[in-house]
Amino acid sequence: MSYIRIALNLPLDQLFTYQVSPEFKGEIEIGQRVLVPFRNRKKVGVVIEITKGKLPQKNIREIIQVIDEIPVFSQTLLKLAYWIKDYYFCSLGQILYTFYPFPYPLKLVNGGSKSLLSFYSEKRKSEKTKDKEDHSIFFLKKSDAKSSIGFCLDRIKDCQEQGKQVAWIVPEVNQIFSLEEILKKEYSGEMVTFYSRLSGRQRYDRWSKMRWGEVGLAVGTRSLVFTPFPFLGLLILEDEENPAYKQKEVPRYNAREIVTKRGEVEDFPVILTSQSPSLESWFKIDQGQWRGLLGGKKSKTPRISLIDLRQEKRQMLSELLKRKISSCLQKNQVPLLFLKHRGYAKFLLCRDCGEVIRCPNCNIGLTFHLKNLLRCHYCNYQINVPQYCPACGGRWLSPMGTGTQRLEREVHRQFPGTVIQRIDSDKEIFPISRWVEKLRRKEINILIGTRLVIKEEILSWISLTGVVLMDSLLNLPDFRATERAFQLLIRICRGMNKESELIIQTFNPTHYVLRGLGEKQEQFYLQETQIRRELNYPPFIHWERILWEGKDREKVNQVGEEMERRLREIKTEFLGPSPCPFPKLRGKYRSQLMLKIKDPLRENKILRQRIGSLLSSLSNLRVTIDVDPLNML
DNA sequence: AGCACGCCGACT
DNA sequence: GTCGGCGTGCTC
């Protein structure tokens, strides 16, 4: 008698056992999909273990059908799946479902072609004799958005000669097409693009081509990282710091981590690129774990002027910025005014010294609440609004963080008769080509935008950017606020056309983010690393956020207390528990806890035991865990 | 996650 | 009377 253990797409940390009737014997392989009866329905599962011998329990049901003739998932891909499961706290079945995201009737046939089959088995033979390859991680620091293309093309051509496949991953769908256009001219092999917006049929056809080794080059978004390429020789991940690489739903993976892990597991090189590396990546290069390379010519630097808002009259546009806008308009150029999105998290700023009131534990800006209260979103520290600035004793403390529409009105007033275009919501930004077309036809005089407008295609039309209130970027209640502000400024600097100018209005002109612009970028990273080290923040630890919500406020609070107790027992460091920034959402009370984890793989195991049992005993609470969250709000 | 079971309120 | 709301429990 033989039976199999399979993974199902359920949020359950367990495998299910089924019996294999004699008719399927010898057909079953690990990594194959099978159709099984589950409750009163049919479900697709992936074979994880095959065991011969006595059945481990009674009432084991039989599989209905073997779906694939050849396993969809190789042993190495399964190894990757196991790693993701342990790292990101989800079930094996959920991951395998994201590896193979097609509904059941799509059956993986071998294209009806024998040649493909033998192709595949030949590959398997050669795999055993293959030499050890260099699976280093290369990090390409780009001087501008496009400077990775030349470098990567050479590597892609090398792969083409060796009959290996390459996957090039970009953060956003619209970046695929411009890259595709360039690569079409340079790459002579078969190429596909891959992204979720394609129809099911299209996605499946392209996926099959990749899977059967019929294409040499694939360009796509983050899910491309899971494609079971049989001959993968290189993975490229463009703009590694982009938060779009983090999936917001289960499994909450970051494609950057998967790419490097897959390179390690399958033993091929990986290239990450960026104009403005994440601190985590910069640190790995600095530590010598990854190999840093420089791409492109020396970067251009615009003229940068800092406006000290403490010296200015209380208005949104300084005299200098207004003058520059005027001269821009005279030259028929389009100035860009940048600001943060409609401020939802207000902070309290001292107009004398330019500092913001910060949490003494967490160093992030305290959030200004109604009723005279300042609160830390990380550790729940609270104080009443002080009368004097704790840093300089100044009395003029004012709440900041609003005013998108106000700026538009202000610009209208200052520059009557001009066409002002505001771009600040996702709906409007796509397609970007619409705005580019308007810029080309000179239908816009002044552009006002949030970070959505900081795209290469738009910036190349701009020669003057005014950052209206730098402080709203620097003082967001997120420990990555300074890093993100720095990256944004770098991208603006690199993206604007030549002989451009950047004007930054701020209450804090000596901030290290601003000193790090231009030639001294390493300075910024060194200083930021120092701060992260002192506060024990990433890259020195990993955050894991546990969030739970329920209708019963008391119960939500009790769970917090119980979790606190258990975490103390296993000596895990954590912040909170504290109510979420939106403490009541859709009628449910929400609390969260932030764990500081040194070694996720090791510590998650312990957490699964200690916290997992608590969580499963609480039926009417919904719990989510996010490893390496990018958004701490 | 689904899906069934079961226990309560408001309907032709 | 019963239709249907959703809290609870289980899945080889």
Side-chain angles (χ1 to χ4, degrees), chain A residues 1-25 27-67 73 78 81-82 84-85 88-105 196 223 226 247-253 546-559 562 584-590 608 611-627:
Chain A
M1 214 13 122
S2 76
Y3 58 93
I4 54 172
R5 312 245 298 143
I6 65 169
L8 293 169
N9 178 24
L10 296 169
L12 302 172
D13 185 25
Q14 58 176 287
L15 299 177
F16 293 81
T17 310
Y18 284 87
Q19 214 173 310
V20 184
S21 58
E23 53 174 319
F24 300 122
K25 252 200 181 151
E27 244 187 83
I28 294 267
E29 277 187 72
I30 287 170
Q32 259 171 340
R33 292 174 310 148
V34 289
L35 192 66
V36 296
F38 189 77
R39 289 279 185 102
N40 51 352
R41 325 186 72 224
K42 292 172 184 175
K43 256 179 121 39
V44 175
V46 178
V47 180
I48 300 299
E49 289 169 23
I50 304 171
T51 312
K52 291 205 165 63
K54 214 168 65 189
L55 296 178
Q57 66 217 66
K58 358 178 215 184
N59 303 331
I60 291 182
R61 303 171 80 175
E62 278 188 13
I63 63 166
I64 299 168
Q65 186 191 332
V66 180
I67 297 172
F73 308 107
L78 286 176
Y82 266 105
I84 299 171
K85 157 188 136 66
Y88 285 108
F89 250 110
C90 51
S91 81
L92 199 59
Q94 286 174 313
I95 298 155
L96 294 175
Y97 184 74
T98 47
F99 278 25
Y100 186 89
F102 302 105
Y104 165 61
S196 55
S223 66
F226 298 122
Q247 180 147 67
K248 290 184 184 72
E249 309 81 37
V250 173
R252 299 188 164 78
Y253 68 92
I546 304 181
L547 187 152
W548 62 99
E549 56 182 2
K551 283 188 177 164
D552 185 344
R553 184 187 219 149
E554 259 316 292
K555 207 165 178 184
V556 169
N557 290 338
Q558 279 169 20
V559 170
E562 180 61 24
K584 199 179 176 188
L585 206 67
R586 285 172 251 110
K588 286 180 173 171
Y589 294 94
R590 297 147 52 88
R608 258 187 217 265
I611 305 298
S613 60
L614 171 68
L615 302 183
S616 51
S617 67
L618 299 153
S619 43
N620 47 0
L621 287 182
R622 231 176 65 90
V623 185
T624 57
I625 298 174
D626 191 352
V627 179

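Lettering of chains follows the sequences in order, A, B, ..., and the numbering in each one begins at 1. As the structure is a prediction and not an experimental result, all values here were calculated from the model.
Straight-line distance from the CG atom of A/L10 to the P atom of C/dG9: 18 Å, rounded to whole Å. Between the P atom of C/dT11 and the CG atom of A/D13 lies a distance of 16 Å, rounded to the nearest Å. B/dA1 atom P lies 16 Å from atom CZ of A/F89, rounded to whole Å. A/D552 places its CG atom 18 Å from the P atom of C/dC6, with the value rounded to the nearest Å. Separating the CD1 atom of A/I6 from the C1' atom of C/dC12 is a distance of 8 Å, rounded to the nearest angstrom. Atom CD of A/Q94 is separated from atom P of B/dA1 by 8 Å (rounded to the nearest Å). Between A/I63 atom CD1 and C/dC12 atom C1' there is a gap of 13 Å when expressed in whole angstrom units. In this entry the distance linking OH of A/Y3 with C1' of C/dC12 reads 12 Å, nearest Å.
Using a 4.0 Å heavy-atom criterion, one finds that A/Q14 contacts the bases of the nucleic acid, with or without backbone contacts as well. Within 4.0 Å (heavy atoms only), A/Y18 reaches sugar-phosphate atoms of the nucleic acid but no base atom. Within 4.0 Å (heavy atoms only), A/L8 reaches no atom of the nucleic acid at all. At the heavy-atom level, A/N9 lies nowhere under 4.0 Å from the strands shown. No engagement by A/R5 is indicated, since no non-hydrogen atom pair under 4.0 Å with the nucleic acid exists.
When each of B/dA1, B/dC3, C/dC12 is scored by its nearest atom to the side-chain atoms of A/T17, the top-ranked nucleotide is C/dC12. Of the candidates B/dA4, C/dC12, C/dG7, the closest approach to any side-chain atom of A/N40 belongs to B/dA4. Checking C/dG7, C/dC12, B/dA1 against every side-chain atom of A/R622, the shortest atom distance belongs to B/dA1. Distances from the side chain of A/R41 to the nucleotides C/dC12, B/dA1, B/dC3 place B/dC3 closest.
Partners of A/K43 under the salt bridge (charged side-chain N to carboxylate O under 4.0 Å, His left out) rule, at least two apart in sequence or in another chain, do not exist in this structure.
Under the ring pair (Phe, Tyr, Trp, His ring centres under 6.0 Å) test applied with A/Y253, the options A/F89, A/Y88, A/F226 reduce to a single match, A/F226.
The closest donor-acceptor contact from the side chain of A/Q32 to the backbone of A/E27 lies under 3.5 Å.
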Donor-acceptor contacts, no H, no angles, side chain residues 7-22 of chain A, under 3.5 Å, sequence neighbours left out:
| unit_1 | atom_1 | unit_2 | atom_2 | d |
| --- | --- | --- | --- | --- |
| A/D13 | OD1 | A/K85 | NZ | 3.0 |
| A/D13 | OD2 | A/R608 | NH1 | 3.1 |
| A/T17 | OG1 | A/R5 | NH1 | 3.4 |
| A/Y18 | OH | A/P37 | O | 2.7 |

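Neither OP1 nor OP2 of B/dG2 sits under 4.0 Å from any side-chain N or O of A/K43.
The number of heavy atoms from other shown groups lying within 6.0 Å of CZ (A/R61) is above 12.
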